[in-house]
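Note that the structure is a prediction, hence the values are computed from the model and not measured. When reading the values below, keep in mind they use all heavy atoms of this one structure, side chains included, and skip hydrogens, waters and symmetry mates.
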Amino acid sequence: MPFYQVLCITAHYPEYRHIKELIQQSATLVMNQGGVVRKVNSWGTFTLPQRMRRHQQYQQIGDYWSMHFDASPRTLHGLNQLMRRDPRVVRWTMLKLGEKVEEVVQPKEKTIERP
């Protein structure tokens, strides 16, 4: 299964319950279709570089997060549909990092013994 990363900007809410629900929905969708969620990172809350409009609302502050996962292309399509419909999502992008996790992970350097 290919290895992907989704980067997402969500509308900022005073409580993080909304973001937690969205991440949980995304991870559940991936896992229910046979994928594996490797890592979820919250990057924090930032002022957006410019005012962004999504679902007929303007946003100036956003919460950034990312998720690394293995999934089939069909699962990726379902995740795109979820992001497109959800009013909490301002922007998102899917990046294909490689065909396997082994391609992405850098091998450890071997220690060279000096005489």
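Between His68 and Val40, every side-chain heavy-atom pair lies at or beyond the 4.5 Å cut-off. Under the 4.5 Å side-chain criterion, counting only non-hydrogen atoms from C-beta, Cys8 is in contact with Val89. At least one side-chain heavy atom of Leu79 sits under 4.5 Å from a side-chain heavy atom of Met94. The shortest distance between side-chain heavy atoms of Leu22 and Trp65 falls below 4.5 Å. Put simply, the side chain of Lys20 does not reach to within 4.5 Å of the side chain of Ile23, judged on heavy atoms. Between Arg54 and Gln57, the closest side-chain pair of non-hydrogen atoms is not below 4.5 Å.
Test Ile9, Thr10, Val90 against Gln59 for side chain to side chain contact (heavy atoms under 4.5 Å, CB included) and you get one pass: Val90.
Scanning all heavy atoms of the two residues, the minimum distance from Leu97 to Gln5 falls at CD1-CB, 3.8 Å. Across all their heavy atoms, Lys96 and Pro2 have their closest contact at CE-CB, 3.9 Å.
A chain of hydrophobic side-chain contacts below 4.5 Å, direct or via other Ile, Leu, Val, Met, Phe, Trp or Tyr residues, connects Met52 to Phe46. Linking ILVMFWY side-chain heavy atoms closer than 4.5 Å, directly or via other members, places Val37 and Leu82 in a single hydrophobic cluster. No continuous path of hydrophobic side-chain contacts links Leu95 to Met83 [ILVMFWY only; heavy atoms under 4.5 Å].
A cation-pi arrangement is absent between Arg38 and Phe69 under the rule of less than 6.0 angstrom and at most 45 degrees off the ring axis.
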Stepwise side-chain contact (heavy atoms from CB on, under 4.5 Å) test for Gln81 and Arg84: CA-CA 5 Å; Gln81 293 297 325; Arg84 184 173 287 116; 3.3 Å; yes

- prompt: Going through the distances and angles, do Asn80 and Trp92 end up as a side chain to side chain donor-acceptor pair (under 3.5 Å)?
  reply: CA-CA 9 Å; Asn80 265 321; Trp92 78 96; 2.7 Å; yes

query: Between Asp63 and Tyr16, does a side-chain contact (heavy atoms from CB on, under 4.5 Å) hold up when you go through it step by step?
result: CA-CA 9 Å; Asp63 296 310; Tyr16 285 101; 4.1 Å; yes

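Other residues, nucleotides and ligands place more than 12 heavy atoms under 6.0 Å from the CD atom of Glu21. Counted within 6.0 Å of NE2 on His55, heavy atoms from surrounding residues, nucleotides or ligands total more than 12; the atom is thus considered enclosed.
Remark: His18 pairs with Tyr13 by the ring pair (Phe, Tyr, Trp, His ring centres under 6.0 Å) rule, at least two apart or across chains.
Checking side-chain atoms of Thr75 against main-chain N and O of Ala71 turns up no donor-acceptor pair under 3.5 Å.
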